[in-house]
Number of protein chains: 2
Amino acid sequence: MSTSMRNLLKRIMATPGSNRAKRSSSPKRPIRGYHHGNLRRALLDAAAKILEANDAGELGLRAVARMAGVSQAAPYRHFADKQALLAAVAEEGFRTMSEAMRHAAASARDPAERLLGLGVGYVEFATAHRAHFRVMFGRELIDKSQFPDLAKAASEAFSVLYDTILECQRAGVTRRDDPAEQAFAAWSIVHGLANLIVNEQLSLAGKSPATLALDITRNLIDGMRPR
Amino acid sequence: MSTSMRNLLKRIMATPGSNRAKRSSSPKRPIRGYHHGNLRRALLDAAAKILEANDAGELGLRAVARMAGVSQAAPYRHFADKQALLAAVAEEGFRTMSEAMRHAAASARDPAERLLGLGVGYVEFATAHRAHFRVMFGRELIDKSQFPDLAKAASEAFSVLYDTILECQRAGVTRRDDPAEQAFAAWSIVHGLANLIVNEQLSLAGKSPATLALDITRNLIDGMRPR
DNA sequence: ACCTGAACACCGTTCAAGT
DNA sequence: ACCTGAACACCGTTCAAGT
């Protein structure tokens, strides 16, 4: 690994205070409710805690209720069903991911480096929050289109990438093809790598996920340069 | 879309008699057992049938038993637990996929085209057998390393790709970098695209999965050319 | 308005008992 | 040797009842 590459990785990966989305209760809801004071928030926090502690298993509604210290039926006052809870969890995941990607991009000094940063940030997020990543992209949350807030959070994460692609085109880093298609290509390659790593389908052979992500994204950009 | 591209797609996608793995009972087992004559095979067939009919839901052990016309406890004579059944299902999926990829590659006239064919074949397989694809790569089958036959089938599918990468390097289509890394890049990009499509995360905007796969793979190869 | 307890229909899994 | 029926501990979900 060259020293310039090492430096790039270092800059891209410097962690901020915390990547975690802020968990302060929204101003729309009263500070204290009946027994719990915003049980909705408590349930989402419990879900996040379970996902972080237990990389493998399912996220059960009863388990979430148990961790929040309420009865199994209590969540139904705040979420229509398990799908709705999962959608809210996934939504927060997308917000955290957008934040992580924006941070990774912010330290870059030019559009090409920004795109590399996004790729590394994406894979870093996935490996650091494996279970959360699975809820966001997996299939226990069956019909994502039913949850507009989730769709919005997801498309906001996508536009971080899309905007960077546009920047790259304007700067002459990539050719002026359909930007959506270039974004799909970039998304596909980091998403595929993230999935293969998270599901332990790939033998890393000593390389860190970030290094792999960097190599792979760099190669992709090479293929998109003006010719 | 250029006509040469159309021709390439046509050649790559010409379907053989059937992509399905052969389901004849293995010679190791007697042709008739107690009640069912190879209930193991009947269960795997039932599982495949359920996966094909029901793209969304979980694959339940009881549901498989029901479809095979046996009691809920019967599968335990043939599979240690649900994980073992899923592993066998995934294993057959990998065999079918290897076959599909080999077929897609066989019609190609040079290494570069063969690599494109693999990419298209991969994404085609995923979209044509969504539920099966999810069992192969998803997380309801938790620890794939516990099942050596599955690991072998998966790594055989991977070597179809790896061999083609080696061929491309020898033919001067791609540069002589670490072939494993090039294979990872190729795998990542088609796997990512397949996942995004299968989980409905991507708006196809009228394009077929195969066309997208072709464009994306072509772009990747451009990035790997000798410089 | 918000939560509990008990119930229902489902799972995966086990085990004695049947042929 | 292979399968069944009943049981167990778990789910998600509903609903009357409690505060």
Side-chain angles (χ1 to χ4, degrees), chain A residues 25-26 28-47 50-51 54 56-90 131 135 138-143 146-147, chain B residues 25-26 28-47 50-51 54 56-90 131 135 138-143 146-147:
Chain A
S25 56
S26 106
K28 281 185 211 161
R29 291 190 162 271
I31 289 180
R32 281 205 64 80
Y34 180 69
H35 258 148
H36 255 84
N38 211 346
L39 178 56
R40 188 190 142 88
R41 181 88 314 280
L43 289 167
L44 288 175
D45 288 345
I50 290 175
L51 286 179
N54 173 15
E58 293 279 304
L59 183 62
L61 210 47
R62 287 171 105 113
V64 171
R66 256 190 312 266
M67 169 130 309
V70 293
S71 82
Q72 74 233 202
Y76 287 91
R77 286 291 124 195
H78 302 273
F79 299 98
D81 53 17
K82 190 184 179 183
Q83 294 290 303
L85 206 213
L86 287 176
V89 168
V135 173
R139 93 274 149 264
E140 65 257 70
L141 177 50
I142 294 167
D143 189 2
Q146 275 180 16
F147 305 95
Chain B
S25 56
S26 106
K28 281 186 209 160
R29 292 189 160 270
I31 289 179
R32 280 207 62 81
Y34 181 69
H35 257 149
H36 255 86
N38 211 349
L39 177 56
R40 186 189 144 88
R41 181 90 309 283
L43 290 168
L44 288 175
D45 288 345
I50 290 174
L51 286 178
N54 173 15
E58 294 279 303
L59 183 62
L61 210 48
R62 287 170 106 115
V64 171
R66 257 190 311 267
M67 170 132 307
V70 292
S71 82
Q72 75 234 201
Y76 287 91
R77 287 290 123 198
H78 302 275
F79 299 98
D81 53 18
K82 190 185 179 183
Q83 294 291 302
L85 205 213
L86 288 176
V89 168
V135 173
R139 93 271 152 261
E140 64 259 70
L141 177 50
I142 295 169
D143 189 3
Q146 276 181 16
F147 304 96

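Between B/L61 atom CG and C/dT14 atom C1' there is a gap of 13 Å when expressed in whole angstrom units. Atom CG of A/L85 and atom P of D/dC11 are 15 Å apart (whole Å). Rounded to a whole Å, the CZ atom of B/R40 is 13 Å from the P atom of D/dC2. Computed from coordinates, the A/N38 CG to C/dC2 C1' distance equals 13 Å when rounded to whole Å. For the pair B/L39 CG and D/dT4 C1', the computed distance is 13 Å after rounding to whole Å. Look at CD on B/Q83: it is 17 Å from P on C/dC11, rounded to the nearest Å. Rounded to a whole Å, the CG atom of A/D81 is 20 Å from the P atom of C/dA9.
When distances are taken from the side chain of B/Q72 to each of D/dA7, C/dA6, D/dT4, the shortest belongs to D/dA7. When each of C/dA7, D/dC11, C/dC11 is scored by its nearest atom to the side-chain atoms of A/R66, the top-ranked nucleotide is D/dC11. Distance from the side chain of A/Y76 is smallest for D/dG12 among the nucleotides D/dC3, D/dG12, C/dA7. When the nucleotides C/dC3, C/dC15, D/dG12 are ranked by their closest atom to the side chain of B/A73, C/dC15 comes out on top. Checked against D/dC3, D/dT14, C/dG12, the side chain of B/K82 finds its nearest nucleotide in C/dG12.
Among the heavy atoms of the strands, none lies under 4.0 Å from B/E58.
The shortest non-hydrogen separation linking B/V135 to B/L86 is CG1-O, 3.8 Å. Nearest heavy atoms, A/L43 versus A/V64: O-CG1, 3.5 Å.
No side-chain heavy atom of A/Q83 sits less than 4.5 Å from a side-chain heavy atom of A/D143. Put simply, the side chain of A/E140 does not reach to within 4.5 Å of the side chain of A/L59, judged on heavy atoms. Side-chain contact between A/F79 and A/L44: present, with at least one pair of heavy atoms (C-beta onward) separated by less than 4.5 Å.
For the pair A/S71 and A/R62, nearest-nucleotide mapping onto DNA chain C gives the more 5' position to A/S71. Each of A/G60 and A/R77 was matched to the nucleotide of DNA chain D holding its nearest heavy atom; the match closer to the 5' end belongs to A/G60.
Across all strands shown, nothing is found opposite C/dC10 as a Watson-Crick or G-U wobble partner with both distances under 3.5 Å. The partner of D/dA17 is absent, by the rule that a Watson-Crick or G-U pair needs both atom distances under 3.5 Å.
Residue A/H78 places at least one side-chain N or O under 4.0 Å from the OP1 or OP2 atom of C/dC3.
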